[in-house]
Amino acid sequence: MEVQKEAQRIMTLSVWKMYHSRMQRGGLRLHRSLQLSLVMRSARELYLSAKVEAHEPEVPLPTGRSPDPRLHPPREAEAAAQAAPPDGEPPSPEPMDTQETPRAEETPSRCSPRPAKASRKRRSSSLSDSGDAGLVPSKKARLEEEEAEETPSEVPDRLQPPPAQAEGAFPNLARVLQRRFSGLLNCNPAAPPTAPPACEAKPACRPADSMLNVLVRAVVAF
Amino acid sequence: MVLQSSKRHYRVWNHRRLGPWCSPTGSPAPLSCETGCGEGSWILVCRLLVPTQVSLLSMEEDIDTRKINNSFLRDHSYATEADIISTVEFNHTGELLATGDKGGRVVIFQREQESKNQIHRRGEYNVYSTFQSHEPEFDYLKSLEIEEKINKIRWLPQQNAAYFLLSTNDKTVKLWKVSERDKRPEGYNLKDEEGRLRDPSTITTLRVPVLRPMDLMVEATPRRVFANAHTYHINSISVNSDYETYMSADDLRINLWNFEITNQSFNIVDIKPANMEELTEVITAAEFHPHHCNTFVYSSSKGTIRLCDMRASALCDRHTKFFEEPEDPSNRSFFSEIISSISDVKFSHSGRYIMTRDYLTVKVWDLNMENRPIETYQVHDYLRSKLCSLYENDCIFDKFECVWNGSDSVIMTGSYNNFFRMFDRNTKRDVTLEASRENSKPRAILKPRKVCVGGKRRKDEISVDSLDFSKKILHTAWHPSENIIAVAATNNLYIFQDKVN
C-alpha cells in the first residue's frame, strides 16, 4: 500500500514537473521530458504491480488484461495525433479528457504544489463526442482515472511516508517487482509489453509504450 | 525580459600565497609533482566575482579589503540569475580563461604576466575582455523563447595575434575574434585628431600617418554566426583537430561545420526516430578525438558512448565502437535510468581514453575496450539513497562536467555544497575540496572535506543532510599544462593552484 502511495506521489510529481517544464524559458527540453516520462513510466509500473499484488488473491487476470485494450487503439490514435513532449515543438491542443490529471493532483502531495491552472484548459465533453481519433485515447484516460480513484477510496487517511523510508523501499521493491512480473507474465501471456522486470541486467531499447504516451498526452492537454 | 547592456565590471580580489606549506597533520608533505592531488596542496589564487550593477556602486567607493570582504556577504543577495556561470574553459596555452554565463555574456580572463617585482602575483587571472555573445531571441514560428545562456565555449588554437573562440547557446553558434589594439594611427591629412574632416583648402603640407601607442584595448567581434541548423537544444560543440571544422550536437543530431561556411552544415549523426513516440534516448555530449580528425564520440542518456569514424560513411548513424557497461542489478533502483544518463564526455589529452560523468560516478574508458570502463570513481555515492528527494528538488537532473589534468593522471568533477572532487588515477587517492567564501580568506590552504555517511560525525565532517544542494559545482576547468584549476560556483569563479607551482 505504501508502495502504491509512493508511486502515485511520484507520478503526480512527474506530471507537475512536465507541466512546469513547458512554461520555462527556452521551451520544452527533450532530454528532461524523456527523463520525466521514464520516471513516470516506472512509477506507473510500480503502481500497477503493487495494485496487482493487492488484488491478486481476488482478480489477477482481468487486472492484468485491462491494460491491453488500451495498447492497440492508441497506435491508431498516435498516427493521427502528435506526441507533444518528445517533440521540440509546442503541442497542438488535443481533444483529450483531462480529468485524469486533475484527479491525480487532488491526491495530496507533500512536495508538489498543485498547479492552479490545471482545470483551465479542460476540454468539454462535446469534443470527445466528435468521433475524432482523440475519442479513443480519452476513454483510456478515464479507465486509468477509475483505477486511480480506487486507491484513495480504499485509504481514507493517507500518510505520506517519510522519504527515507520510501527510498529504502525501492531497492527491495525491485525484487518484489521481479516476482510479481514473472508471475504476471507466466499466467498471462498477453500481459502488457512493458519494460522487463526491474532486476534484469540490461534495459534494452524499449518498445513504444503507448500507455505512457496516453498518459503523457493527457498531461500535455492542459 | 530585456537584457541590460553589458556594462558590468569585474573585481578581482587576489589573495597572497602562503608562506611555508605543510600538510594538515603538521608534517612536511611530499611534493606533489605532476599529480598535485595530495592533501592540502591546493591554495586559492583568486576569486573572481560578477557583481551586479547595484553592488558595484557600493564597492567602487571602498578599496579597503576588510570592507570588501564584508560586502561579500551581501553579494549573494544581489547576484542575479544572469550572473550564474554556465561554462568555463581554458585556452590551449592556459593563458586565457573564458567563462560564459546565463545572461549570454562571455568574460575572458588573462593570466598575470610574470614580473620580477611581483613574483608572487603570477598565476592570478584578471579580466581581459567582456562581451555580450548571445541575446535572448524569440522563435516566432514555434512561439518559443530562445535562452541566451551560453552552453559551451571552445577555444580555437592560436594561429595569429588574435584569439578565436566558439560560443553557443541553445540554437546558435558564434565564432568570436578577440584582438588587442595598442596602437592607433595619428597624423591624417584629411582628418584632424578628433576625426573631423579638414577643409581641403587649409591643407598645405602632406604628412605620413604614424602609429602611436595607445592604451591597450581588447575588442571582440563576431566573425561568424552559425544559425538555424538545430531543431533541438545544442548541448556540445567541439573543434576538430584539423582546425578547419567543428561539430555541434543537439539532443538528436550532430552537425559538422566548416569555419568558413555559415549557411551550410553536414549532418553526421541523426538519431531521431521516424515516430517520435519511439524515442528512447538522446545525445547528451559529443567530442572530437584530440588527434584523429575523423573520429568523434557521443554519449547518450542511456549511459552509452558511441565512437564514430567519419571515413566510414557520410552519415555516422552506425557506430564504429559502442561502449556500455552492463548494469549492476544490485544497484537497480527506481531512478536508475535517470542517473545513468551521461552528462559529459571528454577525451584524454593522449586520445587513448575517454571519461564520462553520470550522476553518481565518473568512469574512465579505454578506447580499446568497449564492454566496461577501466576505472570507476564514486563521486557522491551517499546520494544513492536520496534519489527520491533529489528528484523532487530537480537536483537529479543536474549535468555535471568532468575534466582531465594536463598529464591525464588526475580527473576532477564537481558535487554539491560547493564541493569538488579530484581523483588521482595512479595513486588511487581522492580528495574533496570546497570552493566557498568562508575558505577564501588570504593565507588559507584548502582543507580536504569529508562527508559523513554513517552515524557518528567527526568534528570536521559534514553530514549528508546538511549539504546545500543549491550550491552545486557543475563546471570546472584544468589548465592544460599546469596545476591550476578554475571552479565555477554559481556566480563565483575560483582559481586554485597547486602550491608547488
Side-chain angles (χ1 to χ4, degrees), chain A residues 6-7 9-10 13-14 17 24-39 41-43 46 74-75 78-79 82-90 110-112 163-164 166-171 173-174 195 198-210 212-213 216, chain B residues 1 136 139 141-149 169-171 230-233 235 250-252 272-273 275-284 301-303 324-341 384-394 396-397 399:
Chain A
E6 190 59 23
R9 184 174 77 85
I10 293 196
L13 189 59
S14 306
K17 284 184 191 293
Q24 68 181 161
R25 280 189 79 213
L28 214 57
R29 302 258 157 196
L30 189 63
H31 188 198
R32 176 73 62 104
S33 307
L34 186 66
Q35 287 178 315
L36 287 172
S37 62
L38 285 173
V39 171
R41 173 167 51 188
S42 303
L46 198 66
R75 290 205 185 276
E78 275 163 44
Q82 247 185 354
D87 259 331
E89 293 109 13
R110 200 160 34 91
C111 3
S112 55
E167 282 135 37
F170 286 114
L173 273 164
C199 278
E200 270 189 15
K202 200 162 141 177
C205 190
R206 295 167 198 265
D209 190 332
S210 336
L212 171 67
N213 292 319
V216 159
Chain B
M1 176 180 125
D139 181 340
L141 208 58
K142 299 179 188 174
S143 291
L144 281 180
E145 200 178 350
I146 300 171
E147 269 192 291
E148 68 278 26
K149 175 172 79 105
N169 69 349
D170 284 336
K171 298 288 184 186
H230 286 279
T231 310
Y232 303 96
H233 301 279
N235 52 53
D250 68 22
D251 291 320
L252 296 178
K272 182 175 179 180
N275 183 359
M276 277 300 278
E277 307 208 342
E278 289 162 18
L279 180 73
T280 54
E281 66 181 328
V282 298
I283 297 170
T284 51
S301 55
K302 277 192 171 176
E324 186 179 29
E325 184 177 26
E327 196 185 358
D328 181 3
S330 62
N331 273 340
R332 174 82 195 185
S333 78
F334 195 74
F335 299 101
S336 287
E337 282 161 330
I338 307 192
I339 63 168
S340 66
S341 174
R384 200 178 285 274
S385 56
K386 307 272 176 207
L387 293 179
C388 200
S389 312
L390 293 166
Y391 179 71
E392 287 164 18
N393 62 15
D394 276 352
I396 206 172
F397 300 112
K399 295 182 171 38

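The sequence lines fix the lettering, A, B, ..., with proteins before strands; numbering per chain opens at 1.
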message: Please determine whether side-chain contact (heavy atoms from CB on, under 4.5 Å) holds for the pair A:Val39 and B:Phe334, giving the CA-CA distance in whole Å, both sets of side-chain angles, and the decisive distance to 0.1 Å.
response: CA-CA 8 Å; A:Val39 171; B:Phe334 195 74; 3.9 Å; yes
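Residues passing the side chain to side chain contact (heavy atoms under 4.5 Å, CB included) test with B:Asp251, sequence neighbours excluded: A:Leu30, A:His31, B:Tyr232, B:His233, B:Asn235, B:Val282. Evaluation of the salt bridge (Lys or Arg N to Asp or Glu O under 4.0 Å) rule for B:Asp170 yields A:Arg29 as partners, not counting sequence neighbours.
Distance check: A:Lys17 NZ to B:Glu392 CD gives 7.5 Å after rounding to the nearest 0.5 Å. In this structure, the separation between CD on B:Glu147 and CZ on A:Arg25 is 5.0 Å, given to the nearest 0.5 Å. For the atom pair OG (A:Ser42) and CD1 (B:Ile338), the distance works out to 8.0 Å, reported to the nearest 0.5 Å. With rounding to the nearest 0.5 Å, the separation of CZ in A:Arg32 from OG in B:Ser341 is 11.0 Å.
Heavy-atom distances place no part of B:Asn169 under 4.5 Å from chain A, backbone and side chain included. Residue contact with chain A, scored on non-hydrogen atoms closer than 4.5 Å, is absent for B:Glu325. No part of B:Ser336 comes within reach of chain A, as not one of its non-hydrogen atoms sits under 4.5 angstrom from that chain.
The nearest pair of heavy atoms linking B:Leu144 to A:Gly27 is CD2-CA, 3.4 Å.
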